[in-house]
Amino acid sequence: PFVVTENCIKCKHTDCVEVCPVDCFHEGPNFLVIDPDECIDCTLCEPECPVNAIFPEDDVPAGQEVFVALNAELAQAWPVLTVRKDPPADAGEWDGKPDKLKLLER
Ligand code: SF4
Ligand code: F3S
């Protein structure tokens with residue numbers, strides 16, 4: 001499956017959800033995750049993310065392996081999102097900022 005990683009936190013552009021053929025994105029307060037049990041590896045979402053936060057499970061950036069389990073866990077807790085919504089007003093300021101995991105809201 002594909003995995004949403006750290007750079008989505010506080011950016012949350014949601015362009016990714018519109019292209020998913022199996023509606024497997026789930027939305028939290030400031031982050032999205034992919035349900036690994038539903039993702040069919042179609043690859044369509046990966047190029048849609050303006051901040052390059054989506055990776056195949058076996059190719060997540062070094063140090064971000066924790067996001068594999070986090071996607072699986074939070075997909076069980078958060079509701080499905082299928083329609084794009086406006087990102088946070090300050091999304092641009094958070095693109096590429098380090099150490100955003102501590103800012104993840106559940
Ligand atoms: Fe959805 Fe395809 Fe992305 Fe998986 S790879 S989350 S099926 S758009
Ligand atoms: Fe996040 Fe990128 Fe989707 S910022 S909400 S993974 S388009």
Side-chain angles (χ1 to χ4, degrees):
F2 279 62
V3 175
V4 184
T5 63
E6 183 164 22
N7 207 27
C8 178
I9 297 170
K10 294 183 76 69
C11 287
K12 200 189 180 191
H13 287 278
T14 71
D15 302 73
C16 52
V17 308
E18 296 257 338
V19 299
C20 183
V22 295
D23 296 344
C24 64
F25 282 91
H26 294 247
E27 183 191 23
N30 65 3
F31 185 53
L32 256 63
V33 294
I34 291 168
D35 184 342
D37 295 330
E38 299 292 332
C39 175
I40 58 171
D41 284 321
C42 77
T43 77
L44 291 175
C45 58
E46 187 178 18
E48 292 300 316
C49 178
V51 299
N52 299 314
I54 303 175
F55 294 87
E57 180 179 44
D58 55 11
D59 198 26
V60 300
Q64 297 201 38
E65 295 82 0
V66 66
F67 283 89
V68 176
L70 213 43
N71 275 242
E73 176 195 341
L74 296 174
Q76 299 302 314
W78 289 348
V80 169
L81 181 71
T82 59
V83 179
R84 187 189 174 279
K85 52 168 72 172
D86 288 337
D90 60 352
E93 298 168 30
W94 289 97
D95 179 13
K97 286 266 168 66
D99 300 325
K100 290 200 284 182
L101 179 54
K102 61 178 184 281
L103 303 172
L104 174 65
E105 297 173 30
R106 296 184 176 236

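Each ligand, and each atom within it, is numbered from 1 in the order the structure gives. Note that the structure is predicted; figures quoted are calculated from it, not measured.
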Quiz item: Do Glu46 and Pro56 have side chains that get closer than 4.5 Å, going by heavy atoms?
Solution: yes
Exercise. Could you tell me whether a side-chain N or O of Lys10 sits under 3.5 Å from a main-chain N or O of Trp94, the two making a donor and an acceptor?
Key: no
Quiz prompt | ligand 1-proximal atoms of Pro1, by part, heavy-atom distance under 4.0 Å | solution = neither
Quiz item: If you round to the nearest 0.5 Å, how far is CZ of Phe25 from SG of Cys45?
Solution: 4.0 Å
Quiz item: Can you list the ligand 1 atoms lying under 4.0 Å from a non-hydrogen atom of Val22?
Solution: 7 (S)
Practice problem: Check step by step if side chain to side chain contact (heavy atoms under 4.5 Å, CB included) holds for Leu74 and Gln76. | Solution: CA-CA 5 Å; Leu74 296 174; Gln76 299 302 314; over 6 Å; no
Quiz prompt | Residue Phe2 vicinity, atoms of ligand 1 by number, heavy atom under 4.0 Å | solution = 5 (S)
Quiz item: At a 4.0 Å threshold, what atoms of ligand 2 neighbour a non-hydrogen atom of Lys12?
Solution: 1 (Fe), 4 (S), 5 (S)
Quiz item: What closest approach, in Å, do Gln64 and Glu6 show between heavy atoms, and which atom pair accounts for it?
Solution: OE1-N, 2.9 Å
Quiz item: Numbering the atoms of ligand 2 from 1, which are under 4.0 Å from a heavy atom of Asp15?
Solution: 7 (S)
Quiz item: Rounded to the nearest 0.5 Å, how far does NZ of Lys100 lie from CZ of Phe31?
Solution: 9.5 Å
Practice problem: Below 4.0 angstrom from a heavy atom of Val51, which ligand 2 atoms are there? Numbered from 1 as shown, please. | Solution: 4 (S)
Quiz item: For ligand 2, is any non-hydrogen atom under 4.0 Å from Pro50's backbone (N, CA, C, O), its side chain (CB onward), both, or neither?
Solution: side chain
Quiz prompt | Separation of His13 NE2 from Asp86 CG (nearest 0.5 Å) | solution = 11.0 Å
Quiz item: Considering only the protein, which heavy-atom contact is closest to atom 5 (S) of ligand 2, and what is its distance?
Solution: Thr14 N, 3.2 Å
Self-check item: Nearest-0.5 Å distance, NE2 of residue His26 to CG of residue Leu81
Solution: 10.0 Å
Self-check item: Element-labelled atoms of ligand 1 that are located less than 4.0 Å from some non-hydrogen atom of Cys45
Solution: 3 (Fe), 5 (S), 6 (S), 8 (S)
Quiz prompt | Donor-acceptor pair, side chain of Asp59 and main chain of Phe55, under 3.5 angstrom | solution = no
Quiz item: Do any of the N/O/S atoms of Cys20, backbone or side chain, fall under 2.8 Å from atom 4 (Fe) of ligand 1?
Solution: no
Self-check item: Protein contact to atom 4 (S) of ligand 2 [nearest heavy atom, distance to 0.1 Å]
Solution: His13 N, 3.4 Å
Quiz item: Can you list the atoms of ligand 2 that are under 4.0 Å from a heavy atom of Cys49?
Solution: 2 (Fe), 4 (S), 6 (S), 7 (S)
Practice problem: Determine whether the side chain, the backbone, both or neither of Ile54 has a heavy atom under 4.0 Å from any heavy atom of ligand 2. | Solution: side chain
Quiz item: Under 4.0 Å from any heavy atom of Cys24, which atoms of ligand 1 are there?
Solution: 1 (Fe), 6 (S)
Quiz item: For Val17 and Val83, what are the C-alpha separation, side-chain angles and deciding distance, and is it a side chain to side chain contact (heavy atoms under 4.5 Å, CB included)?
Solution: CA-CA 6 Å; Val17 308; Val83 179; 5.7 Å; no
Quiz item: How does Thr43 reach ligand 1, if at all, at less than 4.0 Å between non-hydrogen atoms: by side chain, backbone, both, or neither?
Solution: backbone
Self-check item: Cys16: numbered ligand 2 atoms lying under 4.0 Å from its heavy atoms
Solution: 3 (Fe), 5 (S), 6 (S), 7 (S)
Practice problem: Drop me the distance from Phe2's CZ to Cys16's SG, to the nearest 0.5 angstrom. | Solution: 12.5 Å
Self-check item: Nearest-neighbour protein heavy atom for atom 7 (S) of ligand 1, which is reported as residue plus atom name and distance
Solution: Ile40 N, 3.4 Å
Quiz item: Nearest protein heavy-atom contact for atom 4 (Fe) of ligand 1: which residue, which atom, what distance?
Solution: Cys39 SG, 2.3 Å
Exercise. Keeping the roles fixed (side chain from Thr14, backbone from Lys85), state whether a donor-acceptor pair exists under 3.5 Å.
Key: yes
Quiz item: Has Cys42 got an N, O or S atom lying less than 2.8 Å from atom 2 (Fe) of ligand 1?
Solution: yes
Quiz item: At a non-hydrogen distance cut-off of under 4.0 Å, which region of Ile34 contacts ligand 1 (side chain, backbone, both, or neither)?
Solution: side chain
Quiz item: What residue and heavy atom of the protein are closest to atom 1 (Fe) of ligand 2, and at what distance?
Solution: Cys8 SG, 2.3 Å
Quiz item: After noting the C-alpha distance and the side-chain angles of Asp95 and Asn7, does the key distance pass the side-chain hydrogen bond (donor to acceptor under 3.5 Å, both in side chains) rule?
Solution: CA-CA 6 Å; Asp95 179 13; Asn7 207 27; 2.8 Å; yes
